[in-house]
Structures are given as structure tokens and as C-alpha cells.
Undergrad: 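Please see the structure below; I have some questions.
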Amino acid sequence: MDITNIIDPLNDAQRAAVTAPNRAVLVLAGAGSGKTRVLVHRIAWQIRVEGVSAHSILAVTFTNKAAREMRNRIEDLLDLSTQTMWIGTFHGLAHRLLRRHAKQAKLPDTFQVMDSSDQLRVIKRLVAALGLDETKWPPKQIQWFINAQKDEGKRARHQIDSGDLFQRQMLAVYKAYEELCDRSGLVDFAELLLRAHELLRDNRDLLAFYQQRFLQIHVDEFQDTNTIQYAWLRLLTEGKDNLFLVGDDDQSIYGWRGARVENIFNFQKHYPNHQVIKLEQNYRSTGNILNAANKVISKNEARMGKELWTDAGKGDLISLYAAFNELDEAYFVVDRIKAWVNEGGLRKDAAILYRSNAQSRQFEEKLMATATPYRVYGGLRFFERAEIKNALAYLRLMSNRDDDASFERVINTPTRGLGAKAIEDIRLIAKDQGISLWAAAIALLNQKAMSPRAKNALVGFLELIDRLEGLAAELELYEKVQLVNEQSGLIYLYKNEKGDRGEEKLENLEELVNAARLFDAEQDNEESLSELDLFLSHAALEAGDMQGDEFEDCVQLMTLHSAKGLEFKLVFLVGMEEGLFPSQQSSDDIARLEEERRLCYVGMTRAMQQLYLTYAESRRIYGKENYSRPSRFLREIPAELIQEVRMRAHVSRPLAAEKPTHSIKQERRFNLGQRVGHAKFGEGVVLQLEGEGAQERAQINFKQAGVKWLMLSYAHLDAL
DNA sequence: GATTGCGATCTTTTT
DNA sequence: GATCGCAATC
């Protein structure tokens with residue numbers, strides 16, 4: 001058998017991991033050391049050499065993207081379909097288990113997955129129903145509490161009453177929340193994991209079945225697992241040693257959302273027969289970048305200890321730029337990107353990494369002003385958009401009338417005359433009788449004299465859902481979506497929305513039909529579930545990766561967190577100031593500070609060739625001028641690895657840099673009240689002017705298109 | 001039922 | 001500073 005393609009591309013440490021004897025293995029894989037490769041080749045090794053059936057492979061990742069990549073790479077390497085392997089996210093696999101064994105998991109067949117914004121809405125409503133003051137009991141905090149409990153495997157009933165008023169109240173909401181979810185057939189993300197764990201724990205026969213099926217279990221990014229995820233892995237590997245874990249304690253940056261690096265240590269206790277293999281050769285960055293990153297991370301106390309090295313040479317020094325303020329910082333970065341591009345670099349090889357999303361704006365403005373294409377990661381994704389969630393809510397109701405979250409969402413969207421009063425009445429009945437809102441609405445119609453108007457509206461709504469279900473029965477999935485879009489009145493609603501937001505929403509609804517058309521139920525459908533239910537779960541579990549412009553040559557802007565796992569030739573780590581990075585909230589707690597430091601380490605190790613660090617002496621934060629000291633992380637980098645940059649012609653004083661030499665008034669091409677023409681929007685009148693030079697913007701009241709702000713450097717306006 | 005205005009809030013994010 | 005959610009208003 002030819003296994004050269006599995007073994008040959010590996011270095012010694014990688015090969016040791018891939019070919020390790022069949023027992024528990026922990027691979028500590030430094031940044032850029034080829035951890036995905038090891039995982040993929042390990043699976044290939046097991047199949048080709050150990051004779052493990054593909055059917056017996058389980059591989060868990062944290063993101064859908066990582067799962068997809070793993071599938072693709074295994075298929076490429078082995079020329080073998082991964083169809084029969086269980087490869088997915090913890091949540092995706094848990095979902096699959098629950099679908100297969102809904103009964104035993106005590107869930108209705110049509111249960112649906114709530115995303116976090118659904119969850120927050122439900123909690124908000126609950127807080128109101130319980131008569132709690134939202135300012136005293138912030139729903140966000142309650143949501144956080146509930147999820148934290150679930151991540152630790154705790155139900156409301158497991159808690160002992162400590163007499164603490166705060167805790168008692170939190171538990172009361174938790175309990176009410178559990179009841180509502182059970183009644184509605186709704187499952188949040190944390191619940192997927194918790195329930196999947198309980199399912200296996202409480203059904204020994206089922207557990208035995210899966211223990212026998214999954215002969216090899218692989219986990220990516222193990223340092224990010226939380227308590228319940230690890231417990232789930234332990235159940236599946238009970239009495240066996242068939243775990244292959246890959247992770248990096250130095251890249252644990254999700255402690256704040258429940259990830260437990262300690263799982264790495266616990267693993268070593270729980271699987272005494274294990275083997276640890278370190279991957280320390282880095283194939284990504286230059287020697288200087290690695291040395292600097294090593295030095296920074298070495299300041300952390302809590303770590304296993306690892307030192308990256310490369311045989312690729314030292315490369316350039318790390319550049320440090322002290323900006324006058326945040327505008328100057330942006331100016332500098334964009335200037336450097338321009339130079340990079342002029343020298344033949346690609347924009348998409350350049351990334352601007354920041355600690356918090358709010359920092360992206362200056363960079364966006366400067367990039368826009370220089371007409372440099374860019375792409376910002378983060379923000380709303382496709383399936384999270386309001387119009388999409390509305391359409392999905394109709395579909396969910398069609399599948400499951402008891403889905404209260406969806407019921408509430410669309411009972412009056414589009415408005416059909418069912419206001420706060422009617423909804424309040426329905427809620428009251430639901431609460432009294434412990435039934436779903438749908439059932440309560442029917443009860444309300446039967447028992448109480450309502451105003452004829454409200455009654456009509458309510459009957460209309462209930463009948464609409466029933467009718468939609470009937471009409472959809474024989475249709476293809478995408479036709480069902482189309483049907484809902486039209487008959488629900490959503491299309492009509494957005495068509496009449498003023499401004500250009502409505503048009504975008506219509507396009508998104510259209511895109512949803514398209515997504516349904518392309519949806520491939522095959523891959524998930526070992527279970528004989530309705531295609532609609534699968535599509536709806538898919539929408540919740542995979543909120544949709546970013547927009548389609550992925551292949552365009554754009555400068556990449558993202559937070560340090562979202563940069564994990566990526567690499568760029570040219571990296572700017574911006575906003576290196578005390579209070580920002582490390583963030584203020586982390587600076588008084590050593591554990592959190594160390595997590596910030598790991599974040600810094602992650603950021604630095606994204607860079608392949610050139611790394612720029614910048615900070616601003618003054619920065620506007622929340623509208624107020626702040627003067628901060630440079631980040632302590634900068635001092636942790638040996639001085640000999642850093643070169644300080646001064647801008648040449650450009651003086652860092654913003655007044656000199658920003659203002660053109662000529663007066664603003666003379667430059668104005670348009671005046672207030674002037675009539676102008678636009679190729680797309682037609683004729684309009686200038687209402688306001690602001691900014692200057694490339695940034696000049698005008699607010700224009702168009703006869704047809706309404707009031708808009710336009711960048712004059714982009715919009716070609718004609719004076720009329 | 002839509003529009004306006006006011007105050008509170010303001011890491012990080014995937015599922 | 002900007003957004004968002006909620007309440008008062010037309």
C-alpha cells in the first residue's frame with residue numbers, strides 16, 4: 001500500500017503524532033506548526049494503515065469552516081468520500097444526535113434551534129412576564145448566567161438555594177426559561193450540548209452503541225472546549241483511550257465564554273496512558289516575528305511551555321509606529337498598505353487586526369478615501385438579518401405551532417392590527433394554563449369576547465399559518481420559502497419601506513429562496529427528517545459565512561479573535577495601548593491579563609513576513625479624548641527586534657496632516673439648496689455638506705429616492 | 001402605528 | 001459618538 005503521501009510531507013514531530021500508537025494523544029501544536037495537517041493525516045493514517053473504517057471516525061471542530069476544511073483536505077488526501085464520517089462542530093454533532101433520538105432526549109420531533117438573539121428575546125419576554133425590572137435584572141446578564149450554567153452541565157434544579165437573593169432570582173428565570181423552551185420545542189446552543197450529554201449519560205444502551213461505533217475520536221482546538229463538551233468526549237471514550245486531541249494552550253482566548261484550558265491538564269489525569277507531542281516548528285513566520293511572539297507569551301505563568309522556531313531566516317524587523325492619534329494611526333497604516341500594493345503585494349495579504357470592533361471605523365474611512373477595497377469581518381451575517389429571521393419564523397411556525405419565539409416574532413409582522421393588548425391577552429392565557437402561545441390564541445378566540453377587529457386579525461393570522469402549511473405540503477423546499485415570502489406579506493412590507501434599506505431586504509429574501517434551492521439535505525439526512533426542519537436547523541447552526549466577495553482582492557479588517565487560524569503576509573496590530581489592549585476590564589485580574597497576552601501572541605503569529613505594531617498617544621473613545629500609555633506587551637518584545645518608524649514627508653500632527661492648504665469654502669463644488677442630478681437617483685436638492693477633500697459628503701433630498709448621504713468622490717453629481 | 005427624542009450603554013464571538 | 005431600545009407624541 002502506498003502511504004508516502006500520508007507520511008512524506010511531515011516533519012519528525014508531526015510524523016510521531018500521526019503514527020502514534022493507538023492510545024490517547026495530546027498534540028500541543030504551536031501557531032503555524034501544521035496542526036490541521038496533523039489531524040487530517042492522522043485520520044488518513046488510521047484509515048489506510050490501521051484499517052479503521054471511515055464509518056468509525058468522529059472529528060470535532062469549533063467552527064463550520066474548520067469542519068468543512070477538514071472534510072475537503074481528507075477527501076483531497078485520500079481521494080475518498082467523507083460522507084460516512086462524523087465530522088462537524090460540537091453543536092452540529094450534538095444536534096444530529098438529538099434529531100436521531102429526539103424521543104429519548106425528550107424533545108418533539110420538530111424541535112428547533114434558537115440562536116442567541118432568539119434566546120435573548122425569549123428571556124426578555126420572560127423577565128417582563130415575571131414582573132422584573134429590566135434595569136435591575138439585565139436580560140443579557142441572565143442569558144449569560146443561564147448559558148454559563150448549561151456550559152457547566154447544571155440545570156436549574158441542580159442548584160442548591162444558597163439564600164442569595166441574586167442567585168435565587170436568576171434561578172427563577174432559568175427555571176421559567178427551561179419550562180418555556182420545553183413547551184415550545186426550542187433548544188438553544190448550550191442546550192444542544194447539555195442535552196446531548198444527558199442523552200448519552202442516561203441511556204446506557206445508546207451510549208454503548210456510539211462507543212462501539214466511534215473507534216477514533218479527534219478534536220481540534222481542544223483548548224477551547226468547555227466543561228460539558230469535555231464531559232461529552234469522556235462519555236464517548238469511557239474505558240478507552242481512543243482520543244486524539246490537538247490544541248494550543250497559548251492560543252486559548254475564549255476563557256470568557258466558558259472555555260476551560262484546564263481540560264488539557266484534566267485530560268492528562270483522566271487518561272494516564274496518554275502521550276503528549278509538541279509541534280514547535282513553525283512554517284509561517286520569520287524568525288524575528290517568532291522570537292518576539294515567544295518572548296511575549298513567555299511572560300505568562302499558566303502555560304505548558306513551548307517555544308516556536310523556524311529555519312526560514314530572521315526576516316525584517318518588527319516595525320513600531322507611535323501615532324499622534326487614531327486618525328494618524330489609520331493614515332499611517334493605509335499609507336503602508338498603499339506602498340505594499342505599489343510594490344506588487346496583494347491587498348488580501350494585508351490585515352489590520354484590532355482588539356475591539358469599534359476600532360475599525362477610522363481605517364474604513366481612510367481606506368474608502370483612498371479607494372482601497374477592503375472587507376470587514378464580523379457584524380450581521382446572512383441568517384441573522386431581521387428580514388431573514390422573519391421569513392424563517394413563518395416557516396418554523398408551519399412546522400411547529402408551539403414555537404413561541406417565532407409566534408411572537410411574526411404575529412404582528414407585517415402589522416396586522418394585533419397590538420400589545422392582544423398579545424398581552426394571549427400571553428396571560430398561555431402563562432395561566434401552561435400552554436403555547438398558539439394554543440392560547442385559539443383558547444382566547446373560543447372563550448373571550450374580543451373586539452371584532454382584533455378577533456378578525458387573529459383568526460386571519462392563525463388561518464394564514466394553517467393555509468401556508470397546506471399549500472406548502474407538496475412543494476419543493478425553495479417553493480415553500482417563496483410561498484412564505486409572498487403570502488406572509490413580507491415582500492409587500494419591504495417593497496413599501498422607504499429609503500433603500502427595503503430593497504436590500506427584498507434581495508435578501510430572494511437570496512433565502514436561493515439558499516433553499518441550493519440546500520443539500522443529503523449530507524445530513526441519514527435521519528428521515530423533513531427537509532424543511534433540516535433547513536431551519538441549518539440556518540440556526542450555520543449563520544452563513546460572510547458575503548460573497550470572498551475572492552475579491554481586499555484588505556482584511558478583523559478583531560484579533562476572528563483572526564485566529566488565519567495568516568497574512570502583512571499584519572498591522574493596531575491600538576497597542578494600555579486600557580485598549582490589554583483592555584481596561586482585564587488589567588486587574590492576572591488570569592484575564594494572561595488571556596489578553598495570549599491574544600497578543602495570536603495576533604503576532606498571524607504575520608508571515610511583516611509585522612507592524614502601532615499605538616496612538618491620544619485617542620477618542622466614546623467621544624472623549626484619552627491619553628494612554630503604550631501597551632505593556634510592547635515592552636515585552638526585545639528592543640533589538642523592533643525598529644521605530646517615523647513617517648517621512650508626513651508629519652504626525654493631525655492638523656498639518658489632515659487639513660488641505662486651501663480654505664474649505666472655496667473648494668465646495670456644490671452649495672446648500674442647489675439642485676443636482678445623479679445617474680441612478682435622479683434629481684435632488686443639496687441639504688447639507690460636510691467633510692473635505694476625498695471625504696466630502698453631501699446630504700441630498702432626491703425627488704424619487706428620498707434623502708441620502710453621498711460621498712462626493714464616488715457619486716458623480718451634476719450641478720443643474 | 002409610525003415618528004421623534006431621550007437616556008443608557010459601550011470587549012472579544014461561535015454555535 | 002453612535003447606536004439602540006423604549007416611551008411619548010402625532
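Only this structure's heavy atoms are used, side chains among them; waters, hydrogens and symmetry mates stay out. Proteins get letters first, then strands, A, B, ... in listed order; numbering begins at 1 in each.
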Undergrad: Which part of the nucleic acid does A:Thr89 contact within heavy-atom distance under 4.0 Å: base, sugar-phosphate only, or nothing?
TA: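 The answer is sugar-phosphate, as A:Thr89 gets under 4.0 Å only of primed atoms, P, OP1 or OP2.
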
Undergrad: Measure from the side-chain heavy atoms of A:Asn412 and tell me the nearest of B:dG1, C:dG1, B:dT11.
TA: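 Selected nucleotide: B:dG1.
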
Undergrad: Given the structure, check if the side chain of A:Thr559 and the base of B:dT13 hold any donor-acceptor pair shorter than 3.5 Å.
TA: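 No, the side chain and the base share no sub-3.5 Å donor-acceptor pair.
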
Undergrad: Using whole Å, report how far CE of A:Met558 lies from C1' of B:dT11.
TA: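 Rounded to the whole Å, the gap is 18 Å.
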
Undergrad: In terms of the nearest nucleotide of DNA chain B, which residue is placed more toward the 5' end: A:Asp115 or A:Glu596?
TA: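 Nearer the 5' end of the strand: A:Glu596.
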
Undergrad: Closest approach to the side chain of A:Phe189, judged atom by atom: which nucleotide of B:dT12, B:dG1, B:dT15 is it?
TA: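 So the nucleotide nearest the side chain must be B:dT15.
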
Undergrad: How long is the gap from CD1 on A:Ile411 to CZ on A:Arg416, to the nearest 0.5 Å?
TA: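 Going from the CD1 atom of A:Ile411 to the CZ atom of A:Arg416 covers 8.0 Å.
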
Undergrad: Could you state the atom-to-atom distance from CD of A:Gln584 to C1' of B:dT12 in whole Å?
TA: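 Nearest whole value for this atom pair: 16 Å.
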
Undergrad: Can you confirm whether more than 12 heavy atoms, excluding those of A:Leu130, are under 6.0 Å from its CG atom?
TA: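 Count over threshold, so yes.
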
Undergrad: Whole angstroms only, please: what is the CG-P distance between A:Leu493 and B:dG1?
TA: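 That distance rounds to 13 Å.
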
Undergrad: In whole angstrom, what separates A:Arg620's CZ from B:dC10's P?
TA: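 Going from CZ in A:Arg620 over to P in B:dC10 covers 21 Å.
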
Undergrad: Within this structure, what is the CG-to-P distance between A:Asn496 and B:dG1, rounded to whole angstrom?
TA: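 Checked: the CG to P distance equals 16 Å.
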
Undergrad: For B:dT11, does the base pair up with any side-chain atom of A:Arg592 as donor and acceptor (N or O, under 3.5 Å, distance only)?
TA: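 Indeed, a donor on one side and an acceptor on the other fall under 3.5 Å apart.
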
Undergrad: Ignoring hydrogens and angles, tell me if any N or O in the side chain of A:Glu577 forms a donor-acceptor pair with the backbone of A:Ala616 under 3.5 Å.
TA: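 Here the side-chain-to-backbone pair exists.
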
Undergrad: So, OP1 or OP2 of B:dT13: does either fall under 4.0 Å of a side-chain N or O from A:Arg381?
TA: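 It does not, given that no N or O in the side chain of A:Arg381 lies less than 4.0 Å from OP1 or OP2 of B:dT13.
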
Undergrad: Excluding sequence neighbours, so at least two apart, what forms side-chain hydrogen bond (donor to acceptor under 3.5 Å, both in side chains) with A:Asp220?
TA: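 With neighbours one apart ignored, the set is A:Lys35.
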
Undergrad: Look at all strands and tell whether A:Ser562 reaches a base, only sugar-phosphate, or nothing, counting heavy atoms closer than 4.0 Å.
TA: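 Sugar-phosphate contact only - A:Ser562 comes under 4.0 Å of backbone atoms but never of a base.
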
Undergrad: Of A:His561 and A:Arg416, whose closest DNA chain B nucleotide lies nearer the 5' terminus?
TA: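 So the residue in question is A:Arg416.
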
Undergrad: Report the relative orientation of the aromatic rings in A:Trp137 and A:Phe166; use parallel for angles under 30°, tilted for 30 to 60°, perpendicular for over 60°.
TA: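 The arrangement is parallel - the two ring planes meet at less than 30°.
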
Undergrad: Is there ring stacking between A:Tyr622 and B:dC10, where the centres must be under 5.5 angstrom apart and the planes under 30 degrees?
TA: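 Taking the rule of under 5.5 Å and under 30°, the ring of A:Tyr622 does stack on B:dC10.
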
Undergrad: Does a nitrogen or oxygen in the side chain of A:Asn64 sit under 4.0 Å from OP1 or OP2 of B:dT14?
TA: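 Checking A:Asn64 against B:dT14: no side-chain N or O falls below 4.0 Å of OP1 or OP2.
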
Undergrad: Look at the side-chain N and O atoms of A:Thr63 and state whether any lies under 4.0 Å from the OP1 or OP2 oxygen of B:dT14.
TA: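 It does not, given that no N or O in the side chain of A:Thr63 lies less than 4.0 Å from OP1 or OP2 of B:dT14.
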
Undergrad: Between B:dC10 atom P and A:Asn357 atom CG, what is the distance in whole Å?
TA: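 After rounding, the reported distance stands at 15 Å.
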
Undergrad: What class does the angle between the rings of A:His561 and A:Tyr254 fall in, given that below 30° is parallel, 30 to 60° is tilted and above 60° is perpendicular?
TA: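 Judged by the thresholds at 30° and 60°, the geometry between A:His561 and A:Tyr254 is tilted.
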
Undergrad: From C-beta outward on A:Tyr254, which listed nucleotide comes closest to its side chain: B:dT13, B:dT11, C:dG1?
TA: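 Of B:dT13, B:dT11, C:dG1, B:dT13 is nearest to the side chain of A:Tyr254.
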
Undergrad: Would you kindly give the CZ-to-C1' distance between A:Phe62 and B:dT14, to the nearest whole Å?
TA: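 Result: 9 Å.
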
Undergrad: In this structure, how many angstroms lie between the P atom of B:dT14 and the CG atom of A:Leu541, rounded?
TA: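 Value for this atom pair: 14 Å.
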
